[in-house]
Amino acid sequence: MQCRHFLNLLDLSATELKQLIQRAMKLKQLQNTGKLYQPLQGKTLAMVFEKSSTRTRVSFETAMIQLGGGALFLSPRDTQLGRGEPIEDTARVLSSMVDMIMVRTFAHQVIQAFAKYSSVPVINGLTDQCHPCQLLADMQTYFECRGEIQGKTVAWIGDGNNMCHSYINAAKQFDFQLNIAAPKGFYPNQALLKANATHAQLLKNPLEAAANADLIVTDVWASMGQEDEAKKRQQAFADYQVNAEVMAKAKSDALFMHCLPAHRGEEVSADVIDGQQSVVWQEAENRLHSQKALIEFLFSVSV
Ligand code: CP
Ligand code: NVA
């Protein structure tokens with residue numbers, strides 16, 4: 001089988017990504033009319049989760065049910081992966097039975113190996129390096145609320161983590177300016193930043209990054225796998241909270257996004273995440289619609 005994978009946002013062209021967002025909005029409308037659209041009858045998605053999840057699991061599983069197929073939840077605790085069966089062997093076996101595989105794991109190399117040995121499309125449901133599915137939902141949400149994001153200014157405030165890296169890729173693919181404020185020692189990958197210098201830059205502090213922004217985004221200070229560093233990170237990030245003062249620097253109609261789960265009082269104040277400018281619930285719901293469009297797309301280009 002000739003198949004396309006979705007390991008990061010660069011695996012689709014800018015045109016394909018824009019079409020996918022349009023399709024996601026169509027599929028959302030269709031779902032809301034109550035009409036059944038089930039082109040994937042008899043198809044199966046395997047979901048390998050080496051980290052916890054609420055949104056990713058529920059959105060992928062629901063997406064497959066709505067499209068007429070089924071999804072299997074696989075965790076290392078109850079598969080042979082947890083007992084040391086190699087990724088390569090697992091990828092070969094799973095892909096001989098299912099039609100698509102979603103993987104959430106730690107090292108990005110794991111999903112790359114998975115894709116190499118899989119005969120069906122592999123989707124990145126988050127690695128330590130990036131979280132491209134979240135960006136599909138974020139871009140759909142921006143588009144629904146404000147229209148085109150091209151030429152707009154987005155501020156990333158907080159950890160230079162997997163989400164930040166996907167925002168850097170999105171800045172290039174969707175052609176917006178990304179202003180990043182992160183504490184020293186927590187900057188995003190320097191090579192990625194350098195390669196996207198036309199679209200992404202590091203600024204001195206949150207207020208500078210937020211200036212005139214159309215969208216402000218943040219994420220947890222300690223990602224999954226960094227729980228031991230939580231205390232140290234709370235100190236390092238203390239001045240990097242998205243609060244009313246930061247939002248006031250942005251445009252008056254600026255939106256606030258967060259991939260969730262969120263920690264009120266840490267990376268975002270309660271008044272911001274629960275306030276008028278926050279679109280986090282719409283953003284979370286759009287994981288479902290944008291991933292339906294992604295699954296449909298990957299099936300359509302894999303022959
Ligand atoms: N945003 C996100 O990926 O959430 P989960 O960890 O709940 O899947
Ligand atoms: N940066 C966070 C995102 C969670 C969806 C993490 O990796 O835990």
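- Cluster annotation: F297 is connected to L45 through the hydrophobic network of ILVMFWY side chains, with a link wherever side-chain heavy atoms come within less than 4.5 Å.
- With sequence neighbours left out, D175 forms a salt bridge (Lys or Arg N to Asp or Glu O under 4.0 Å) with no residue at all.
- Considering every non-hydrogen atom in both G160 and H165, the closest pair reads O-NE2, 3.5 Å.
- A salt bridge is defined here as a Lys NZ or Arg NE, NH1 or NH2 lying under 4.0 Å from an Asp or Glu carboxylate O, and R4 with E16 meets this definition.
- Taking the side chain as every heavy atom from C-beta outward, H108 and N124 approach each other to under 4.5 Å.
- By the criterion of side-chain heavy atoms lying less than 4.5 angstrom apart, applied directly or through intervening Ile, Leu, Val, Met, Phe, Trp or Tyr residues, M257 is not grouped with V268; the two fall into different hydrophobic clusters.
- Linking ILVMFWY residues whenever their side-chain heavy atoms come closer than 4.5 Å, directly or via other members, leaves L294 and L10 in distinct clusters.
- Side-chain atoms of R287 and T56, non-hydrogen and from C-beta on, do get closer than 4.5 Å to each other.
- Using a 3.5 Å distance cut-off with no hydrogens or angles, the side chains of Q140 and N286 do pair a donor with an acceptor.
- Environment of NZ in K51: crowded, with over 12 heavy atoms of neighbouring residues, nucleotides or ligands closer than 6.0 Å.
- Put simply, the side chain of S118 does not reach to within 4.5 Å of the side chain of L94, judged on heavy atoms.
- The side-chain contact (heavy atoms from CB on, under 4.5 Å) search around A170 returns L9, L135, F174, F176, not counting sequence neighbours.
- Taking both residues in full, the closest heavy atoms of E267 and P261 are given as OE2-O, 4.4 Å, listed atom of the first, atom of the second, then distance.
- By the salt bridge (Lys or Arg N to Asp or Glu O under 4.0 Å) test, D271 pairs with no residue at all, sequence neighbours left out.
- The side-chain heavy atoms of T33 and Q29, taken from C-beta on, include no pair separated by under 4.5 Å.
- Residues I123 and C133 meet the side-chain proximity criterion, which asks for heavy atoms closer than 4.5 Å.
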Full working for side-chain contact (heavy atoms from CB on, under 4.5 Å) between C164 and D219 = CA-CA 8 Å; C164 180; D219 186 14; over 6 Å; no

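- E227 places a side-chain N or O within donor-acceptor distance of the main-chain N or O of G225, the cut-off being under 3.5 Å.
- The backbone N or O of F299 sits nowhere less than 3.5 Å from a side-chain atom of S302 that would complete a donor-acceptor pair.
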request  = With side-chain hydrogen bond (donor to acceptor under 3.5 Å, both in side chains) as the test, would you mind laying out the steps for N169 and S166 before giving the verdict?
outcome  = CA-CA 5 Å; N169 286 334; S166 283; 5.0 Å; no

inquiry  = Would S269 and R264 count as a side-chain contact (heavy atoms from CB on, under 4.5 Å) here? Give the steps.
reply    = CA-CA 5 Å; S269 61; R264 288 168 177 77; over 6 Å; no

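- In terms of modelled atom types and a separation under 3.5 Å, the side chain of D11 and the main chain of N8 share a donor-acceptor contact.
- Looking at every heavy atom in both residues, M163 comes nearest to C259 through CG-SG, 3.9 Å.
- Listed by first and then second residue, the ring-ring contact (aromatic ring centres under 6.0 Å, His included) pairs involving residues 4-40 amount to none (not counting sequence neighbours).
- Side-chain N or O atoms of T62 include one that pairs as donor or acceptor with a backbone N or O of V58 at under 3.5 Å.
- Partners of D228 by salt bridge (Lys or Arg N to Asp or Glu O under 4.0 Å), not counting sequence neighbours: none found.
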query = Can you check salt bridge (charged side-chain N to carboxylate O under 4.0 Å, His left out) on E296 and K292, steps first, answer last?
reply = CA-CA 6 Å; E296 190 187 57; K292 280 170 79 175; over 6 Å; no

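- F73 is linked by a ring-ring contact (aromatic ring centres under 6.0 Å, His included) to F49, counting only residues two or more places apart in sequence or in another chain.
- Looking at S59 and Q291, their side chains do bring a donor and an acceptor atom within 3.5 Å of each other.
- Note on F114: it does not cluster hydrophobically with F106, by side-chain heavy-atom contacts below 4.5 Å among ILVMFWY residues.
- In this structure a side-chain-to-backbone donor-acceptor pair under 3.5 Å is missing from Q173 to K18.
- Inter-residue side-chain proximity for R55 and L260 is flagged as met; some heavy-atom pair is nearer than 4.5 Å.
- For residues 177-190, the set of pairs meeting the salt bridge (Lys or Arg N to Asp or Glu O under 4.0 Å) definition, not counting sequence neighbours, is empty.
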ask   = Could you go step by step and tell me if I157 and V217 meet the side-chain contact (heavy atoms from CB on, under 4.5 Å) rule?
value = CA-CA 6 Å; I157 294 168; V217 196; over 6 Å; no

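- N196 contributes a side-chain N or O that, together with a main-chain N or O of L192, makes up a donor-acceptor pair within less than 3.5 Å.
- Sorted by first then second residue, the ring-ring contact (aromatic ring centres under 6.0 Å, His included) pairs that include residues 256-282, not counting sequence neighbours, number zero.
- In this structure, Q201 contributes its side chain and H199 its backbone to no donor-acceptor pair below 3.5 Å.
- Using a distance-only test at 3.5 Å, with no hydrogens or angles considered, no donor-acceptor pair links the side chain of D138 to the main chain of T141.
- Atoms CD and CD1, from Q109 and I87 in turn, are 11.5 Å apart once rounded to the nearest 0.5 Å.
- Residues passing the ring-ring contact (aromatic ring centres under 6.0 Å, His included) test with F186 are F237, sequence neighbours excluded.
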Kindly list each side-chain donor-acceptor pair under 3.5 angstrom involving residues 203-215, sequence neighbours excluded, with atom names and distances?
{"from": "N205", "atom 1": "OD1", "to": "L207", "atom 2": "N", "distance (Å)": "3.1"}
{"from": "N205", "atom 1": "OD1", "to": "E208", "atom 2": "N", "distance (Å)": "2.8"}
{"from": "D214", "atom 1": "OD1", "to": "K251", "atom 2": "NZ", "distance (Å)": "2.9"}
{"from": "D214", "atom 1": "OD2", "to": "T153", "atom 2": "N", "distance (Å)": "2.8"}
{"from": "D214", "atom 1": "OD2", "to": "K251", "atom 2": "NZ", "distance (Å)": "3.3"}

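- Side-chain atoms of R146 and D253, non-hydrogen and from C-beta on, do get closer than 4.5 Å to each other.
- Within 6.0 Å of the CD atom in Q276, the count of heavy atoms belonging to other residues, nucleotides or ligands does not exceed 12.
- Partners of R233 according to the salt bridge (Lys or Arg N to Asp or Glu O under 4.0 Å) rule, which considers only residues two or more places apart in sequence or in another chain, are D159, E229.
- The closest side-chain heavy-atom distance from K28 to E285 is below 4.5 Å.
- With hydrogens and angles ignored, the 3.5 Å screen pairs a side-chain donor or acceptor of S95 with a backbone N or O of S119.
- Side chain to side chain, Q282 and E144 meet the donor-acceptor criterion of an N or O pair below 3.5 Å.
- In the displayed structure, Q235 atom CD is contacted under 6.0 Å by at most 12 heavy atoms of other residues, nucleotides or ligands.
- Applying the side-chain contact (heavy atoms from CB on, under 4.5 Å) rule to T44 yields the partners L72, V98, D99; only residues at least two apart in sequence or on another chain are considered.
- V154 and V246 fall into different hydrophobic clusters, where Ile, Leu, Val, Met, Phe, Trp and Tyr residues are linked whenever their side-chain heavy atoms come under 4.5 Å apart, directly or through other members.
- A cation-pi arrangement, defined by a distance under 6.0 Å to the six-membered ring centre and an angle within 45 degrees of its axis, is absent between K152 and Y142.
- Without hydrogens or angle criteria, Q241 side chain to N243 main chain gives no donor-acceptor distance under 3.5 Å.
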